[in-house]
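Naming: A, B, ... by sequence-line order, numbering from 1 per chain.
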Amino acid sequence: MNRALQTLQERGFIQQCTDLEGLSALMDKGPVTFYVGCDPTGPSLHIGHMVPFFALRHLHEAGHIAIALIGGGTARIGDPSGKTEMRKMLTYEQIDENSERIRKQLDAFIGFDGKTAFTANNKDWLANLNYIDFLRDIGVHFSVNRMLSFEAYRKRMETGLTFIEFNYQLLQSYDFLQLYDRYGCRLQIGGDDQWGNIVAGIELIRRIRGVETYGLTFPLVTTSDGKKMGKTEKGALFLDPALTSPYEFFQYWRNVTDADVKRFLLMFTFLPVSECETLGSAKDSAINRAKERLAWEVTALIHGKEEADKALQAARALFGKGGATGDADAVPTHRIPAKRIEQGILAIDLFVESGLCPSKSEARRLIQQGGAFVNEEKVTDLERILDSTLVQDGILLLRAGKKRYVRVRVE
RNA sequence: GGGGAGAUUCCCGAGUGGUCAAAGGGGGCAGACUGUAAAUCUGUUGGCUCAGCCUUCGUAGGUUCGAAUCCUACUCUCCCCA
């Protein structure tokens, strides 16, 4: 098999391929132009979006030409694949803003050079589409019967599916056609939920242009206990540091289950396969160290080495001997005026204010259950008042439960 | 257009006049055990000025000493027929 494909396979990327042999032969002949699509329905990508882009990097590094397609046009209607609810509609302005942010995030990860790796936006050909022409040229090639047999649409038949969403597949197929016409794109890669849409695009190109193109999908990554990966208390694990701080990002990977370490190392880092295997097969304290490595590697890829180092140091300070405030700069920090702490502040209030507890009732519960700590000292009194005698170097360290820390900086 | 069913707390889902902040499960959180893991066990899970009070059972009114439960209108969803 082709080297690049082999790499993807070894690393656990390949779920389905329309024609693995044919694709391998094509890739052996020379650089293949391929694309990954991504709809800008939110202000930031999250880690769940990244699998195809890690694959993109592998292929790009193997000399193939990568297009990241931003769905500025398709985002206007929303993809029903894998969703059980209808998407809320975004304004065009929001979509354009999201598109730009996502393009920047991808640029940071991939490094677009405009030649061997670049972006396209389907808004360019979808926004002013002529409805009648589209139906004549594209619509005729789609069978409603067939579309209804797809799982994605069938599920939605139960809950409600609007006509515009139903058209999503045509638009995505049209994207592939456009990219083929414009850039000679022969391969579309994406999450396995895109399988139906990818195949539809391939068939469209075969009918209209008589050319064979290919599709390759990746498994939907879940944690070994079956949950969607990248979920945190706050929601998804975003790439935008303003939404998920590098420290939180680091902690997510640091806390991955043993059984997931190998798989995640292979998919979310670029460490050699052999090293991933060794690290991921370790047991006990060794696997625990492997998680630290995993966390550092992924954080470095997304946020840079400097941030990864800071997160690592913070985590070690907090979880190492306990109570360290020195090297923990990356820990989420809440600021509070000195005056307030001088006057004394109710522990309950500070836990709420710092974001560790969503309400005072929760804070009370936390204290009652023995999960609230100030400077690693358990808070036992619901009426506990914190004052300036607790402040060390302008810092007060709050902890909720075992792992959630917030530093309160007095200024 | 006609007929039927339904809308309950984060989710699923009981509840059909007071004993309901509302069973049970899931999820979340906390504690024990550990390796910042998993599994397991225990507790907890609307808010607050917390032995009390306030707000929640699709929305708005009404009946009643008292409503998630009864009545009226409205909105939305699903199913069957056209």
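When both distances must be under 3.5 Å, the Watson-Crick or G-U wobble mate of B:G1 is B:C81. If you check B:C76 for Watson-Crick or wobble pairing at under 3.5 angstrom, you find it paired to B:G6. Both distances falling under 3.5 Å, in either a Watson-Crick or a G-U wobble arrangement, place B:C41 opposite B:G31.
Distance check on atom C1': B:C11 versus B:C57 gives 15 Å, rounded to whole Å. Comparing B:A39 with B:G58, their P atoms sit 35 Å apart, to the nearest whole Å. The same atom, P, is picked in B:G62 and in B:A68; the two are 15 Å apart, to the nearest Å. For the C1' atoms, the distance from B:A60 to B:G52 is 31 Å, rounded to whole Å. Spacing between B:G47 and B:A22 at atom C1', rounded to whole Å, works out to 16 Å. On the C1' atoms, B:G46 is 27 Å away from B:U64, given to the nearest whole Å. Taking the C1' atom of each, B:C80 and B:A30 are spaced 50 Å apart, rounded to whole Å. Going from the C1' atom of B:U9 to that of B:G15 covers 13 Å, rounded to whole Å.
Nearest to the side-chain atoms of A:Lys360 among the listed nucleotides B:U36, B:A32, B:C48 stands B:C48. Which of B:A37, B:G31, B:C29 sits closest to the side chain of A:Arg404 comes down to B:C29. Of the candidates B:A38, B:U36, B:G47, B:U36 carries the atom nearest the A:Phe319 side chain, counting heavy atoms from C-beta on. The side chain of A:Lys291 has B:G35 as its nearest neighbour among B:U36, B:U34, B:G35. Of the candidates B:G35, B:U36, B:C29, B:C29 carries the atom nearest the A:Gln369 side chain, counting heavy atoms from C-beta on. Side-chain proximity of A:Arg254 to B:G31, B:A37, B:U36: nearest is B:U36.
In this entry the distance linking CD1 of A:Ile348 with P of B:C48 reads 10 Å, nearest Å. Whole-Å rounding puts the A:Leu265 CG to B:A37 P distance at 18 Å. What separates CD1 of A:Ile367 from C1' of B:G43 is a distance of 17 Å, to the nearest Å. In this structure, A:Glu362 atom CD and B:U44 atom C1' are separated by 9 Å, rounded to whole Å. If you measure from atom CG of A:Asp284 to atom P of B:U34, you get 13 Å, rounded to the nearest angstrom. Across the protein-nucleic acid pair, A:Ile287 atom CD1 and B:A37 atom P stand 13 Å apart, rounded to whole Å. Following rounding to the nearest Å, A:Leu366 (CG) and B:G28 (P) show an atom-to-atom distance of 17 Å. Atoms CG (A:Asn255) and P (B:U34) sit 18 Å apart, rounded to a whole Å.
In terms of heavy atoms, A:Ile198 sits closest to A:Ile189 at CD1-C, 4.3 Å.
The main-chain N or O of A:Ile132 is found under 3.5 Å from a side-chain atom of A:Asn130 such that the two form a donor-acceptor pair.
For A:Glu292 and B:U36, a side-chain-to-base donor-acceptor distance below 3.5 Å is absent, hydrogens and geometry of angles not being considered.
A:Val261 comes within 4.0 angstrom of no nucleic acid atom, judged by non-hydrogen atoms across all strands. Among the heavy atoms of the strands, none lies under 4.0 Å from A:Ala372. A:Gln368 comes within 4.0 angstrom of no nucleic acid atom, judged by non-hydrogen atoms across all strands. A:Arg365 comes within contact range of the sugar-phosphate backbone alone, with a heavy-atom separation under 4.0 Å but no base atom that close. At the heavy-atom level, A:Ser359 lies under 4.0 Å from the strands shown only through sugar-phosphate atoms.
In terms of position on RNA chain B, the residue among A:Lys403 and A:Val352 whose nearest nucleotide sits closer to the 5' end is A:Lys403. For A:Leu312 and A:Lys378, each mapped to the nucleotide of RNA chain B holding its nearest heavy atom, the one lying further toward the 5' end belongs to A:Lys378.
Contact check, A:Ser285 against B:G35: no side-chain N or O comes under 4.0 Å of OP1 or OP2.
Residues A:Ile336 and A:Ile345 are in side-chain contact: their nearest non-hydrogen atoms beyond the backbone lie under 4.5 Å apart.
In this model, no donor atom of one side chain and acceptor atom of the other lie less than 3.5 Å apart for A:Ser24 and A:Asn2. With hydrogens and angles left out, the side-chain atoms of A:Gln105 and A:Ser44 include a donor and acceptor closer than 3.5 Å.
Between A:Lys310 and A:Glu306 there is no salt bridge, since none of the side-chain N atoms of the basic residue sits less than 4.0 Å from a carboxylate O of the acidic one.
Annotation: A:Phe270, atom CZ; neighbour count of heavy atoms from other residues, nucleotides and ligands within 6.0 Å is above 12.
Residues A:Phe319 and A:Tyr405 place their aromatic rings such that the two centres sit under 6.0 Å apart.
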